[in-house]
Amino acid sequence: MTDLFQGPKGTRDFLPPAMAVRRYIEDAWRRVSIRFGFQEVDGPTFEPLDLYKVKSGDEIVSQLFSFTDRGGRDLALRPEFTPTLARIVAQFGAGLPKPIKWFAIPRCYRAEQPQKGRLREFIQWNVDFIGEETLTADKECLSVCAAFLFEMGLTTADFVIAWNHRDLMAELLVALGIRPEKLNDTFYVLDRLQKLNPVERQKLLQARDFSVSEQELLELFAVETAVPAGGRTALQDRLQTPTARTAYEKMMQLHDQLVPPELADNFRWDVGLVRGLAYYTGFVFEVADARGENRAIAGGGRYDKLIELFGGKPTPAVGFGMGDVVLEILLRERGLLPEHLGGGPDVFIVNASDDADLTAQWASRLRRSTFDPTVRKITQGGLRVQHSYRATKNIGKLLQEAASAQARFALILAPDELSRSVVKWRDLHARSETELPIAQAETLIRSACLEKGG
RNA sequence: GUGGAUAUAGCUCAGUUGGCAGAGCGCGAGGUUGUGGUCCUCGAUGUCGCGGGUUCGAGUCCCGUUAUCCACCCCA
């Protein structure tokens, strides 16, 4: 015990129940992506270190797991997928039909301090819409994201989507009196103002050297974030110049153009939303727990310059990522993880006869699938078959094992029936039983399993 | 990186002023010569996270260390 190795800090072991949950989530990601016409891709788990240094931002770079190979090349485990995607598109995009609609389910790595919802190794669903500069692409990303959340049983009461637009926001801020050279500081401050109390806010604003009128304006933003469309607010009262009014109007128009109808109630312009990734160019969004209890569920935005930065043709792109860790916590908290994920076998063989070989014979017959070479497809799938590895012929005990394995049917091989050339076929859910003539048993069993929703 | 809490069986945990290492669940074998998650009996598994100190004696007190959880920073 004391000498056992433990998994590295911030990693997980997936025993069968945990693996079943992971598969449940990944399958849904894949299913929804494909339904919207996205195709799955993947890339290497590690990349040149410089790929992330160029444009991901200091925060990401400080969390990289990096190493040097024997040829002296600096490499890093991928902390996110977007740079890999942009690299691939920069290299191969020219020959691909546009738009490119891709999704990926990569494992990613960040060397940060593990905590609730944040680990050092996680799985992140990525959906990217590349080569389309109109809002159609942004909207479709929002719709895919929402469709998945609904698919898992979440409702508009469970999550909110906050959005912002960096360029329009900059325009608005300048029009409202922020000095252009203070824009970066302003974004930095806006991102955290709402989480601070008035005294802390004051300190932060003074530390960043804002003028009195700038401080007053930012204080307003701090109090009034996530402005609902249409409502008259203190911010609207500040729109005294035509340019300010225009900038604000553009923002509101964008809101109306972006919002998917099914999300009207929980789609909000959030002046405090900036997002740390340095490659985002305009529209950005983040999906949050409506109860405010968890970390961001998903986040994304436009990165129109990243592909050309990696040497590709100028290509507009928008996408988002969703991590498995927070999502699983959220689904668990809301009671939305089904029980018995993974399911049990179709047939559990209970062999109470003296012939131990019978178990293997029946198992191999039922497991067999039929491959048709002319259509290059499996035309009849093999059944999922299990049996006991214990010596006992106690039918009660063996049925108990069948039940705890979540089997749907039990095939009972016992001396009395075998001497009459029949087997017993028990429906473990209905607790009903019939006899099948051995000669037709395989056919009857296959159709029974198929009927039961196989 | 910084702070707080925690660490005892596979899991969840109890363990009194320092005095023989415990329960429940799970796991294994059996109880009825052939029918279910129940019941009964029996069984295995521990250097009490690791290292040091105090003491006649440490799971218990002290110091260090590692890991986990929570929070900060930031975000999937």
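Chain identifiers are assigned alphabetically (A, B, ...) following the order of the sequence lines, protein sequences preceding nucleic acid strands; residue numbering begins at 1 within each chain.
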Exercise. May I ask you to say what A:Asp416 touches in the nucleic acid, namely base, sugar-phosphate or nothing, with a heavy-atom cut-off under 4.0 Å?
Key: base
What residues 398-406 of chain A contributes to the RNA chain B interface at heavy-atom separation below 4.0 Å is A:Leu399, A:Gln400, A:Ala403, A:Ser404, A:Gln406
Q | Spacing of the C1' atoms in B:rA21 and B:rG46 (rounded, Å) | A | 8 Å
Taken in chain and number order and not counting sequence neighbours, the residues that satisfy side chain to side chain contact (heavy atoms under 4.5 Å, CB included) with A:Leu341 are A:Ala20, A:Val21, A:Tyr24, A:Pro338
In whole angstroms, the gap separating P of B:rG36 from CZ of A:Phe409 amounts to 19 Å
Rounded to whole Å, CZ of A:Arg390 lies from C1' of B:rG30 at a distance of 10 Å
Those residues at least two apart in sequence (or on a different chain) that pass side-chain hydrogen bond (donor to acceptor under 3.5 Å, both in side chains) with A:Thr155 are A:Asp158
### Task
Look at the rings of A:Tyr303 and A:Tyr279 and say which category their plane angle falls in: under 30° parallel, 30 to 60° tilted, over 60° perpendicular.
perpendicular
B:rU32 versus B:rC69 - spacing of their C1' atoms, nearest Å:
49 Å
Would you call A:Arg420 and A:Asp416 a salt bridge, using N to O less than 4.0 angstrom? yes
Check your understanding: Between B:rU41 and B:rG24, how far is it from one P atom to the other, in whole Å?
Key -> 11 Å
Residues at least two apart in sequence or cross-chain that pass side-chain hydrogen bond (donor to acceptor under 3.5 Å, both in side chains) with A:Lys116, listed by chain then number, are A:Glu333
Practice problem: Report the relative orientation of the aromatic rings in A:Trp163 and A:His255; use parallel for angles under 30°, tilted for 30 to 60°, perpendicular for over 60°. | Solution: tilted
Separation of B:rG30 atom P from A:Lys393 atom NZ, nearest Å, is 13 Å
From CZ of A:Arg78 across to C1' of B:rC75 the rounded distance in Å is 18 Å
Sorted by chain and residue number, the side-chain hydrogen bond (donor to acceptor under 3.5 Å, both in side chains) partners of A:Asp357 (sequence neighbours excluded) come out as none
Report all interatomic pairs (protein N or O, nucleotide N or O of nucleotides 66-70 of chain B) with separations under 3.5 Å.
residue	atom	partner	partner atom	Å
B:rA67	O2'	A:Gln6	OE1	3.4
B:rU68	OP1	A:Gly10	N	3.2
B:rU68	OP2	A:Lys9	NZ	3.4
B:rC70	OP2	A:Lys116	N	2.7

Task: Distance-only donor-acceptor test (3.5 Å): side chain A:Lys397, base B:rG31 - done: yes
Stems field, RNA chain B, Watson-Crick or wobble, 3.5 Å, at least 3 pairs, by first number, holds B:1-7 with B:66-72, B:10-13 with B:22-25, B:27-31 with B:39-43, B:49-53 with B:61-65
message = Quick check against the 3.5 Å criterion: does A:Asp128 have a side-chain atom that pairs as donor or acceptor with the backbone of A:Trp102?
response = no
Rounded to whole Å, CG of A:Leu413 lies from P of B:rU35 at a distance of 16 Å
Result for 5'-nearest mapping on RNA chain B, choosing between A:Ile412 and A:Gly321, is A:Ile412
Query raised in the report: Hey, does the side-chain of A:Lys424 have a donor or acceptor N/O within less than 3.5 Å of a partner on the base of B:rU35?
Result: yes
- Task: Using modelled atom types only, decide if a donor and an acceptor are shared between the side chain of A:Glu214 and the backbone of A:Arg179 within a distance under 3.5 Å.
- Result: yes
| request: Sticking with atom P, work out how far B:rA23 lies from B:rA14, rounded to a whole angstrom. | output: 16 Å
Does the A:Asp270 side chain pair with the main chain of A:Ala162, one donor and one acceptor, at a distance under 3.5 Å? no
**Report entry** Cation over ring face, A:Arg87 and A:Phe310, 6.0 Å, 45°
**Finding:** no
Please give the distance between the P atoms of B:rU6 and B:rU16 as a whole number of Å.
15 Å
Hits for side-chain hydrogen bond (donor to acceptor under 3.5 Å, both in side chains) against A:Arg118, two or more places apart or cross-chain, chain-then-number order -> none
Sorted by chain and residue number, the ring pair (Phe, Tyr, Trp, His ring centres under 6.0 Å) partners of A:Phe46 (sequence neighbours excluded) come out as A:Phe67
Numerically ordered, the residues 291-304 of chain A set in heavy-atom contact under 4.0 Å with RNA chain B is A:Arg295, A:Ala296, A:Ile297, A:Ala298, A:Gly299
- Task: Taking only the side-chain nitrogens and oxygens of A:Arg110, find out if one of them lies under 4.0 Å from OP1 or OP2 of B:rC75.
- Result: no
message: Suppose you measure atom P in B:rA7 against the same atom in B:rG49; what distance do you get, rounded to whole Å?
response: 8 Å
Between B:rG53 and B:rA58, how many Å separate the two C1' atoms, rounded to a whole number?
11 Å
ask   = With a non-hydrogen cut-off below 4.0 angstrom, is A:Arg431 in contact with a base, only sugar-phosphate, or nothing?
value = base
NA contact type, A:Gln63, heavy-atom cut-off 4.0 Å: base, sugar-phosphate, or nothing? nothing
Sequence neighbours excluded, the answer for salt bridge (charged side-chain N to carboxylate O under 4.0 Å, His left out) partners of A:Glu417 is A:Lys424
How would you label the contact of A:Glu417 with the nucleic acid (heavy atoms, under 4.0 Å): base, sugar-phosphate, or nothing? base
In whole angstroms, the gap separating P of B:rG31 from CG of A:Asn394 amounts to 8 Å
From CA spacing to verdict: salt bridge (charged side-chain N to carboxylate O under 4.0 Å, His left out), A:Arg295, A:Asp289
CA-CA 7 Å; A:Arg295 288 155 195 288; A:Asp289 179 349; over 6 Å; no
For A:Glu80, the salt bridge (charged side-chain N to carboxylate O under 4.0 Å, His left out) test, sequence neighbours excluded, returns none
Distance between the P atoms of B:rC70 and B:rU65, in whole angstroms? 23 Å
Rounded to whole Å, the CD-C1' distance (A:Glu286 to B:rC75) equals 7 Å
